[in-house]
Amino acid sequence: MKTMKKWLALGAISLSTLAFAACSNNKNSETQSKPISMPTTYSAAGKATQAGNDSTLNAAEVVDAPFTGITLAVLQDNVEDSDVYSPGGGDQLFKSNKDFKIVKGGLANLKLDRSDNTATITIRKDAKWSNGSPVIAKDVEYAYEIIGNKNTAAEQYSSDMATIKGMAAYHTGKAKTISGITYPDGQNGKQVVIHYTRLSPAMQYAGNSFLWGTVVPYNHIKNVKISKLSSAPAVRKYPVFVGPYKLQNQVQGESTAWVPNKYYWGPQPKIKHINIQVVSSSNAAAAFKAKKFDFALGGLPASQYKSVKNIKGYTLAGAPGLSYGYFGFNVGYFDTKKNKNVMYKHSKMSNKNLRKAMLYAVDLDKVNKKLLSGVQWRPNTLIPPIFKKYHDDKAAGFPYDMAKSKQLLKDAGYKKKGKWYVQPNGKKLTIHFGAMQGSAASNEISRYEVQQWRKLGLNVQMTNGRPLEINSFYSILGEPKQNKIDVFVGGWQLTYEPTPTQFYGEDATYNMGHFVTKKNTELLNSLNNSKAWNQSYRTKQFKKWQEYMNEQAAYAPQSTLLSFTPVNHRLKNFKQAAYNNYLFPTFWDNLELTSNQPK
């Protein structure tokens with residue numbers, strides 16, 4: 001799982017329009033909005049040509065800040081890096097089917113043995129890095145060392161990973177190695193056996209938080225301290241890859257260029273040159289109209305839908321995404337000695353009625369329906385509907401209801417003193433809102449949310465008086481203890497396995513609001529206990545967790561959207577999938593071009 005710093009922006013609309021949309025009445029002003037339908041694939045008519053495949057495919061990465069430039073998937077914490085380096089294969093180990101289940105045929109195969117509580121990973125014999133060196137067992141194991149190291153920049157560690165024998169001791173510095181990971185044929189062999197205290201049903205699916213799904217080039221980076229990896233030239237300037245393309249050159253933060261990797265174990269890609277260029281959300285539509293790009297890797301902001309849906313020479317392709325925006329409330333801190341989140345019961349935002357009042361005060365349904373054509377909508381739980389087995393489609397979520405907001409504050413003992421509510425103890429209440437800086441549209445939405453909360457009677461002010469630059473935003477939230485942000489809007493890009501322990505668990509680094517309760521821990525653990533191998537039980541527990549999180553409202557869903565892009569009519573075999581389809585071999589391997597210039 002990765003943080004999603006690419007913000008889910010609402011439409012390019014004025015603040016006054018938003019204010020009008022949200023104040024028609026106090027009750028649920030609209031039923032929950034639903035996404036529009038759109039084809040998920042596009043393939044140009046006619047045959048691919050040699051001239052086309054010898055030319056350059058140009059892909060856009062739509063983002064309002066430079067990409068960070070970290071090539072190793074195990075260290076990446078944003079979607080942009082994952083996208084711009086995706087022709088290199090994303091370090092992916094496994095192949096998965098349409099149901100997200102791990103199957104044979106990837107860089108490595110997986111065998112789970114419940115009787116021995118082991119996971120055996122067997123690397124294909126012809127697997128090589130783009131510098132020609134073989135992929136070895138140590139390349140698999142070293143990813144776990146990076147994740148578990150107490151000085152690492154990786155943020156993937158959680159209690160799920162601690163089910164590997166010896167991982168907890170390594171994580172705390174009590175052991176120098178992870179005893180539960182062994183090599184039947186030695187470190188230079190092709191097989192790794194991971195010993196667990198127990199196996200979980202999540203391990204059957206790609207992207208689970210128990211079994212890490214990417215590989216690292218050990219011999220290429222072994223002389224760099226783990227704490228220094230994210231800034232090392234071996235990672236930033238001279239990376240190696242296992243996918244269909246290798247990096248030809250890059251302009252830091254702006255673009256990457258790719259040529260076929262002759263050592264790739266799969267079929268050689270057809271297109272000889274790939275160029276990925278960052279473009280701002282405000283310039284994206286104009287760039288496509290000027291035919292500068294063949295498609296956008298991460299999709300376009302919802303606000304651009306009307307501007308691009310009828311561009312000559314393009315067809316829109318889209319799929320409901322695995323990403324969602326969420327409201328988070330700061331209710332505690334991270335204990336660096338115990339490596340656990342701690343909820344502080346006397347924190348400013350500790351009262352769940354206050355949190356719920358703020359959520360009901362924002363009319364997201366009307367905004368989405370009237371202004372965003374169904375490209376973006378309000379989700380009702382923290383498990384997106386794309387997970388049909390586990391999503392609770394009966395949950396109401398937090399539809400707009402200003403009268404309910406006021407009643408919740410009254411019931412909790414909040415009283416007005418002049419213009420603003422004060423705390424039940426009579427002390428002044430000032431709430432600091434952290435929002436990420438993005439497009440003009442997303443900045444307007446942030447101001448709208450503040451406006452609605454102030455209309456409710458809460459003295460809400462933006463941290464530093466304005467939306468925060470993305471890296472500054474996460475820098476504040478990443479502090480173990482901070483009082484600069486009380487409520488924030490963030491976003492996640494999920495993987496194919498929806499277990500949320502990495503986001504909301506007691507020891508999860510990504511639990512930036514620091515919500516921790518005994519009940520939450522019990523429910524999270526139940527999603528992958530021994531009973532959870534029974535699908536009906538697991539589904540039931542997922543729905544219980546969603547109900548509990550909505551009832552607590554320490555985190556709440558804010559938005560999700562259709563991931564869509566214009567696709568130029570010279571491109572064949574394009575498929576828009578829910579999550580980073582660009583990382584899986586069949587995407588880049590299959591693309592072809594019918595001409596050397598966009599249509």
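No experiment lies behind these values; they were computed from the predicted model shown.
- No side-chain donor from either of Thr120 and Gln191 sits under 3.5 Å from a side-chain acceptor of the other.
- Arg570 pairs in a side chain to side chain donor-acceptor pair (under 3.5 Å) with only one of the listed residues (Thr49, Asp294, Thr594), which is Asp294.
- By the 30° and 60° cut-offs, the orientation of the rings of Trp258 relative to Tyr85 is perpendicular.
- Leu57 CG to Asn275 CG: the interatomic distance, rounded to the nearest 0.5 Å, is 9.0 Å.
- Aromatic rings of Tyr144 and Trp212 (six-membered ring for Trp) have centroids beyond the 6.0 Å cut-off, not under it.
- A distance of 6.0 Å or more separates the ring centres of Phe387 and Tyr496.
- When ring centroids are compared, Phe327 and Phe488 stay outside the 6.0 Å threshold.
- Counting heavy atoms of neighbouring residues, nucleotides and ligands inside a 6.0 Å radius, atom NZ of Lys292 does not exceed 12 of them.
- Here Tyr205 and Phe100 keep their ring centres 6.0 angstrom or further from each other.
- Under the 6.0 Å cut-off for aromatic ring centres, Tyr218 and Tyr142 qualify, their centroids lying closer than that.
- Checked by atom type and distance alone, the side chain of Ser227 never pairs as donor or acceptor with a backbone atom of Asn151 at under 3.5 Å.
- By the 30° and 60° cut-offs, the orientation of the rings of Phe288 relative to Tyr314 is perpendicular.
- Between His220 and Tyr238, the ring center distance fails the sub-6.0 Å criterion.
- A donor-acceptor contact closer than 3.5 angstrom links the side chains of Thr499 and Asn528.
- No close placement of the Trp129 and Phe241 rings is indicated, their centers lying 6.0 Å or farther apart.
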